[in-house]
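Below is one structure, written out as structure tokens; comments come after it.
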Protein chains: 4
Amino acid sequence: MVRSSNARSAAGASRVRRRNDLRRVEILRAAARVFRDRGFNAAGMREIADAADLSPANLYHYFRGKDEILYFCQDRSLDRLNGALAEARTTRGPVGPRLHGLAVRHVLCLLDDVEGSAAHLEVDALPPRLRRTIIAKRDRYERGIRALVGEGVKRGELAHGDATVATRAFLGALNWTAHWFRPEGPHSPPAVARLVADYAVAGLAARPRSPRAQRSLS
Amino acid sequence: MVRSSNARSAAGASRVRRRNDLRRVEILRAAARVFRDRGFNAAGMREIADAADLSPANLYHYFRGKDEILYFCQDRSLDRLNGALAEARTTRGPVGPRLHGLAVRHVLCLLDDVEGSAAHLEVDALPPRLRRTIIAKRDRYERGIRALVGEGVKRGELAHGDATVATRAFLGALNWTAHWFRPEGPHSPPAVARLVADYAVAGLAARPRSPRAQRSLS
Amino acid sequence: MVRSSNARSAAGASRVRRRNDLRRVEILRAAARVFRDRGFNAAGMREIADAADLSPANLYHYFRGKDEILYFCQDRSLDRLNGALAEARTTRGPVGPRLHGLAVRHVLCLLDDVEGSAAHLEVDALPPRLRRTIIAKRDRYERGIRALVGEGVKRGELAHGDATVATRAFLGALNWTAHWFRPEGPHSPPAVARLVADYAVAGLAARPRSPRAQRSLS
Amino acid sequence: MVRSSNARSAAGASRVRRRNDLRRVEILRAAARVFRDRGFNAAGMREIADAADLSPANLYHYFRGKDEILYFCQDRSLDRLNGALAEARTTRGPVGPRLHGLAVRHVLCLLDDVEGSAAHLEVDALPPRLRRTIIAKRDRYERGIRALVGEGVKRGELAHGDATVATRAFLGALNWTAHWFRPEGPHSPPAVARLVADYAVAGLAARPRSPRAQRSLS
DNA sequence: TATGAATGAGATTTCATTCAT
DNA sequence: TATGAATGAAATCTCATTCAT
């Protein structure tokens, strides 16, 4: 009897804990969508609460404050991106397609309306303490991509040039999607993701013709 | 006496008007830098006033409010961009270099610390009335670029594909620069502009090899 | 069966009741310490709950709310003080030592970290209904001391003067102890109690020399 | 002309500055009264604003926040008290009357409804940074009184004993006045101040009779 | 008896903006 | 042209309290 009681209470605790965590994740998803659509500063706690179907005060049951909500949004986003990165880095084969796959997942992550996201932008909104962790993860992601690009250059697949700047321009092409994509537009998120990834990877590819032609006139 | 007084006051008015206009432009430059660095919502009127060396209250002698300041910032930015666009469209020769030149000017416009800018983002912060004008100019700019891209495709210089999405990805690569550029970094603004433009134009160029290679694995 | 059940439940109820009462007292002790150390308004229900090792919500099984907790704290404190007062009044002998004993117990009551206390301050925090009872008890205590002082004056032991004001100054010297006493300081609570009582009673004693000397210069 | 213009603007600036400072002092006076009557935590910014005849938001034109208002209240109070202390310490003559004069001024400072005060209590409400300065001033005051007491003991005027504890009991008798004094009561502030000072100084005076008599029975 | 979740009321504070001078 | 003073509205956040379990 005692054992069964213990077991029950343990199960209860676990169930509660899991429900609590699930609720937190649901809130983070909702918040991420709000942040993406309105920006961190323009998004009010009331909006987030509405999106998550809670009272504003109740948000503070789950998170210490708005900053922390943003922090966890970004943390989750970056974890997903770093997961995709890990896969791209461990896959074999030419770098181009691997970068393409990564780019697709990156964009889908931004546009996903269930998971919400794009919250890895606006790092500056975080207080210094929280910012450090996020910047570390973000830099890990960026360095990982740069490493892939470097690998492609070594193999002769990708163009020589400043890998850091190229990586950032690559990410810019991807990230910008969150700014302009409209669900009611002509393309589905996967279609957009593929098109943008096509563009972004092409920008890295080895230039076939004389690079002179690419130079600006002015 | 009366005539001379009139003349003087007319001259005075003109001088005042011109000074007023100069002051307005100076304020807009300062404001554009603040908006770029901090974002519209995070930027306070006090910050703008400090950057422009005025008291916050005095800003209201020059502008109706924060919205209007953003409006004029964006208006000025877009005018400069549309100027660059016009030049790119009327220039003869292959499309690639013309787009490259435009891209360079676009990035320089974002990074310019005298003129300030990047304020053409955050259109959503404007109240509907002001927003319409800005969106019109922004769309004009985007359509112009898309037209150039279309011309390049027709000539066989640029890759087939969705020109609208490609244009936005192109702009994303450029615009993102404002997020990551740091003056104390390794490259000067013109150097960054050239590197980013290289990438951005390459992404549009006709794909030489089998498009399959660009496809994602997943 | 029914009888046995009744009997058991009666016994159970009694035990529960007693446990309940014990628990209530424990909570009041903890709350009294928190109120003394932080003040009524600064003390949160969470703090009280932590000090009593309960969840905040569970406090409401024992008390109607924060006000009621303060009420019972003050009630208990004043009962103890009135108990000490009764003893001092019924004791025979000169008034000085009897007041001294009372003062010692008063201070010990404030500093006692088991019983907690000092909660008889902050009467204003109570809602009117509860306030009346507490004020009545507090006034009973004060009047009792004033009566003792009056007795001392009649006997020639204590100084003439405004007995009400003197009583309050006397109580001030005692009560203030709760503000400055630190357990890690040089004196134990009983030592402090004796020293403070020495001072407080001396202030009431008949002035031997010319009262002029006590007068202010200014 | 130019000089006179300069002079005028300088005078203007000075006038403005002085008005600003005056307004600050008025606000502090009002706030001190509110703090004394309601306690720091119970007093809302709205109450303070009402007492000072401003909108709550406008308080932030003069002070950084509630904490800072309390800080300046306490600072002003302690400056006044330290002023009185300095006078008491530099005056010649027996210590008793000098302490009496200081005590009178101390109590008057608490009860003064123009200057407001009693705000030197509740030091714990301050954030650490501000608290340090106030504690330093408060300790200076306390040490000054203790030195006076020590001088009295040396001269044989005052009773031997723990000077620190005696000083605190002395201050307790004075400070408590702020708790119980009611303007509609039988005594005027100066009358109360004299009565309380009489008591407080008497508590320090050399005990004429056998100290045994002062001992508690229990 | 016990507690996680939930909430309305209200606290402090910020901010864009206006106004008197 | 310039600004200190003033304010309403709203934002974030806290807190005592309730409720379902």
Side-chain angles (χ1 to χ4, degrees), chain A residues 9 12-13 15-17 19-20 23-24 27 41-49 52-69, chain B residues 16 19-20 23 40-49 53-70, chain C residues 16 19-20 23 40-49 53-70, chain D residues 9 12-13 15-17 19-20 23-24 27 41-49 52-69:
Chain A
S9 76
R15 203 180 325 122
V16 163
R17 170 41 74 120
R19 260 188 67 197
N20 188 322
R23 200 83 186 83
R24 279 171 65 98
I27 295 170
N41 281 288
M45 287 301 263
R46 150 138 291 128
E47 274 171 277
I48 298 173
D53 209 40
L54 285 102
S55 72
N58 202 12
L59 283 175
Y60 293 85
H61 210 58
Y62 296 94
F63 301 98
R64 253 185 243 288
K66 203 185 169 190
D67 288 343
E68 208 192 67
I69 297 182
Chain B
V16 162
R19 264 189 60 201
N20 189 321
R23 201 82 188 83
F40 177 74
N41 280 288
M45 287 299 262
R46 152 139 287 130
E47 269 173 282
I48 298 173
D53 211 38
L54 278 90
S55 71
N58 203 10
L59 280 176
Y60 291 83
H61 266 280
Y62 297 95
F63 300 99
R64 246 186 246 284
K66 201 184 170 190
D67 289 342
E68 206 190 69
I69 297 181
L70 177 60
Chain C
V16 162
R19 266 189 61 200
N20 189 322
R23 201 83 188 83
F40 177 74
N41 279 289
M45 286 301 261
R46 152 140 285 128
E47 269 173 282
I48 298 173
D53 211 38
L54 279 90
S55 72
N58 203 11
L59 281 175
Y60 290 83
H61 265 280
Y62 297 95
F63 300 99
R64 247 186 245 285
K66 203 184 170 190
D67 289 342
E68 207 192 67
I69 296 180
L70 177 60
Chain D
S9 74
R15 204 182 321 125
V16 163
R17 169 41 72 119
R19 259 187 68 196
N20 188 321
R23 200 81 185 85
R24 279 171 64 98
I27 294 170
N41 280 290
M45 288 300 264
R46 151 139 290 128
E47 276 171 275
I48 298 173
D53 209 40
L54 285 100
S55 72
N58 202 14
L59 282 174
Y60 293 84
H61 209 59
Y62 295 94
F63 300 98
R64 251 184 247 286
K66 204 185 169 191
D67 289 343
E68 207 191 68
I69 297 182

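Chain identifiers are assigned alphabetically (A, B, ...) following the order of the sequence lines, protein sequences preceding nucleic acid strands; residue numbering begins at 1 within each chain.
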ask   = Atom CG of D:Leu54 to atom C1' of E:dC19: distance rounded to whole Å?
value = 15 Å
Enumerate all atom pairs, one protein N or O and one N or O from nucleotides 9-11 of chain F, separated by less than 3.5 Å.
none

query = Where is the tightest heavy-atom contact between B:Glu47 and B:Ala42, given as atom of each residue plus distance?
reply = OE1-O, 3.4 Å
ask   = CZ of D:Phe63 versus P of E:dT12: gap in Å, rounded?
value = 16 Å
inquiry  = From the set F:dA6, E:dT14, E:dT18, return the single nucleotide nearest to any side-chain atom of D:Tyr60.
reply    = E:dT14
inquiry  = For DNA chain F, please output the secondary structure as dot-bracket, reading 5' to 3'. Pairs are Watson-Crick or G-U wobble, both atom distances under 3.5 Å; mark crossing pairs with [ ], other-strand partners with |, unpaired with a dot.
reply    = .||||||||||||||||||||
ask   = Which atom pair, heavy atoms only, marks the closest approach of C:Pro56 to C:Arg46?
value = CG-NH2, 3.7 Å
request  = Indicate the atoms forming the closest heavy-atom contact of C:Phe63 with C:Glu68, along with that distance.
outcome  = CA-OE1, 3.3 Å
ask   = Between D:His61 and F:dA5, does any side-chain N or O lie under 4.0 Å from OP1 or OP2?
value = yes
task = Could you check how far CG of C:Leu59 sits from P of F:dT18, rounded to whole Å?
result = 12 Å
query = How close or far is atom P of F:dG4 from atom CZ of D:Arg24, stated in whole angstroms?
reply = 14 Å
task = Starting from the 5' end of DNA chain F, give me the residue, D:Ser55 or C:Gly65, whose nearest nucleotide shows up first.
result = D:Ser55
note = Heavy-atom nearest pair, D:Leu59 first then D:Met45, reads CD1-O, 3.6 Å
ask   = Who passes side-chain contact (heavy atoms from CB on, under 4.5 Å) against C:Asn58, sequence neighbours left out?
value = C:Leu54, C:Ser55, C:His61, C:Tyr62
ask   = At under 4.0 Å, does any side-chain N or O of C:Asn58 touch on OP1 or OP2 of E:dT3?
value = yes
key: Protein-nucleotide distance (B:Asp53, atom CG; F:dT1, atom C1'), rounded to Å   = 14 Å
request  = Please figure out whether B:Asp67 or A:Pro56 has its closest DNA chain E nucleotide nearer the 5' end.
outcome  = A:Pro56
request  = Verify, without hydrogens or angle tests, whether B:Lys66 (side chain) and B:Gly44 (backbone) share a donor-acceptor contact under 3.5 angstrom.
outcome  = no
